[in-house]
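What follows is a set of notes on a single structure, which appears directly below.
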Amino acid sequence: MAAIATTYEVVIGIEVHAQLLTKSKMFCSCSKDYFGSPANSHVCPVCLALPGVLPVINRQAVEYTIMTGLALHCTIPEQAKFDRKNYHYPDLMKGYQISQYDLPLCLDGWLEVDLDGETKRIGVTRVHLEEDTARSMHRSNAAGEKYSLIDVNRSGVPLMEIVSEPDVRSAKEARLYVMKIQQILRYLGVSQANLEEGNMRCEPNVSLRPLGQEEFGSKVELKNLGSFRAVERAVQFEIERQSKLLDNGEPVEQETRGWRDDRGVTVSQRGKELAEDYRYFPEPDLPLLAIKPAYVEELRARLPELPDAKRVRIAKQYGLSPYNANLLTETGEWADYYERAVAVDPGEGDVTARRAKTIANWMLQDFAHIVNSQEATFAGLTEKVPAQQLNQLVQLIEADTISTSGAKSVFAEMVSSGKPPQQIVEEQGLTQISASDEIASMVDQVIEANPDPVADYRGGKEAAIEFLVGQVMRETRGRAKPELVQKLLQERLSSGE
Ligand code: ADP
Ligand code: MG
Ligand code: ZN
């Protein structure tokens, strides 16, 4: 593959569509939460496109789109317009889609992705608002005859489109871009942004050009990408397919290709219509939108802290590594929980920084393990272990009430029973034995019972002490501090006898 990198430059621009988390559809009052509902149960004359109906703009959808534009550093022009985009597909009830053509809600923004430690900025051309289509389902009957069904529930659901500049240069970068969009949309709470469920969809446009050539090659638009992994694989496949064509002196057709995840290939779906074919014209049933700057500023003030800013602040404020801060801010839920867990009792002086780090480690190791192994969702887990109780667990370790290994079993019990840590420690008698007297007698017993390892140790095999520490820990059922046990053993064993 090295030959590709030196011969051609990869050029990718990405279109992302996201359904918005409004209550109703874009131009009617039907509920847009059709997921799991019977087919054609969320419909009305407007989204069915019966004659004589008029659309009404969903204000929430406009606000969500502007908020997204602001989060992506876009300019919000003072005038926006809806247009008709005409095309004839059975799933397009009106025979046109209400979209935005030359006056979109948001223009000229960017986002940044972390590419192997380097920050790469990717331009966002525009963010606009449109409506989703109905869904065709292709079937065949017992006789093998093909037929199609149509479900109109999705028709008219608010759909936001984010179009990138052709700034993306690799399959991996394409995946990172789409992941970043998902993260931002989720932080904003404007979309579920789930590729697998189809409420977010992305279409990378891929072309190659000989290195040094200014003019773009002809592009291929990729569809049917149901996961981040599919995004990366499909783009990589397409880069390789196109480079082989170009190597052989064959042209790359401008077309739309669908990704077949099971076969790991893209297949031609249709030649791409040119933009003029859509015969865009202003939607006569809707007014121009005047977007007042003061209104935009109001929305800007309502934006939550966004992932990049939160990551930098959390690293600084709690003394975490950039890596850990990045993991903790992957979702707003993790970051919020973390900050609450620290804030309920940050401790004083030297304790503060240590406690903040220990809490982060519990989340990144123990929480992550549970969530990644799908033992529980983050929401389910944190219902059992509220932020305050994680803080308390950490304090029990700090106070030497329980050992770190004891804390692991307390934590497991917290997760399964939802009990607070102190209660578990008391019920199970897990309080760490800190009085050296009590441990000392067990140390004596273990020395007595294990003459061989004792002799080994005295004979210079220092590692033999590990075994003896283990024996004492077993006697105490893990309730002693290993460092203390080791210290007592060393004292006893070096005092001769
Ligand atoms: P279309 O009208 O075919 O949808 P657009 O001009 O709207 O094309 O661009 C769609 C997306 O394709 C944008 O993200 C844009 O950056 C990207 N794009 C345009 N030309 C190319 C190209 N030659 N190679 C790769 N991406 C491209
Ligand atoms: Mg386009
Ligand atoms: Zn409707």
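Sequence positions, counted from 1, serve as the residue numbers for this chain. Counting starts at 1 for both ligands and their atoms, following the listed order.
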A student checking ligand 1 against V11 at a 4.0 Å heavy-atom cut-off should list atoms 24 (N), 25 (C)

Mark yes or no for whether Q100, through its side chain, and L129, through its backbone, hold a donor-acceptor pair below 3.5 Å. yes

Do Y318 and E339 get their side chains close enough for a donor-acceptor pair, meaning under 3.5 Å? yes

To atom 23 (N) of ligand 1, the nearest of G123, G217, P166 on a heavy-atom basis is G217

Distance-only N or O hit between ligand 1 and S164, under 3.5 Å: yes

Please, which pairs that meet salt bridge (Lys or Arg N to Asp or Glu O under 4.0 Å) have at least one residue in residues 208-218, sequence neighbours excluded? E9-R209

F216 heavy atoms within 4.0 Å reach ligand 1 at atoms 23 (N)

Evaluate side chain to side chain donor-acceptor pair (under 3.5 Å) for Y295 paired with E63, printing each intermediate quantity in order. CA-CA 10 Å; Y295 171 61; E63 291 195 357; 3.1 Å; yes

Are K94 and Y96 in a cation-pi setup, meaning NZ or CZ lies under 6.0 angstrom from the ring centre and within 45 degrees of the ring axis? yes

Sort by chain and number the protein N/O/S atoms found under 2.8 Å from the Zn ion (ligand 3). C28 SG, C30 SG, C44 SG, C47 SG

State which residue, out of H73, R121, K120, fulfils the side-chain hydrogen bond (donor to acceptor under 3.5 Å, both in side chains) condition with E112. R121

Does an N or O anywhere in K219 fall below 3.5 Å from an N or O of ligand 1? yes

For ligand 1 and S218, I'd like to know whether there is a polar contact (N/O to N/O, distance under 3.5 Å). no

Identify which one of N199, D132, N194 satisfies the side-chain hydrogen bond (donor to acceptor under 3.5 Å, both in side chains) criterion when paired with Q19. D132

Describe, in one word, how the ring planes of F378 and F367 are oriented to each other, choosing from parallel (under 30°), tilted (30 to 60°) and perpendicular (over 60°). tilted

E255/R257 salt bridge by N-O under 4.0 Å criterion: yes

Checking heavy atoms under 4.0 Å, the part of E165 that sits near ligand 1 is backbone

Between K408 and D366, is there a salt bridge with N-O shorter than 4.0 Å? yes

Ligand 1 contact on I14 by region, counting heavy-atom pairs under 4.0 Å: backbone

If the cut-off is 4.0 Å to any non-hydrogen atom of V163, which atoms of ligand 1 fall inside it? 13 (C), 14 (O)

Could you check whether E130 pairs with K85 (Lys NZ or Arg NE/NH1/NH2 to Asp/Glu carboxylate O, under 4.0 Å)? no

Checking the N or O distance criterion of under 3.5 Å, is ligand 1 in contact with N205? yes

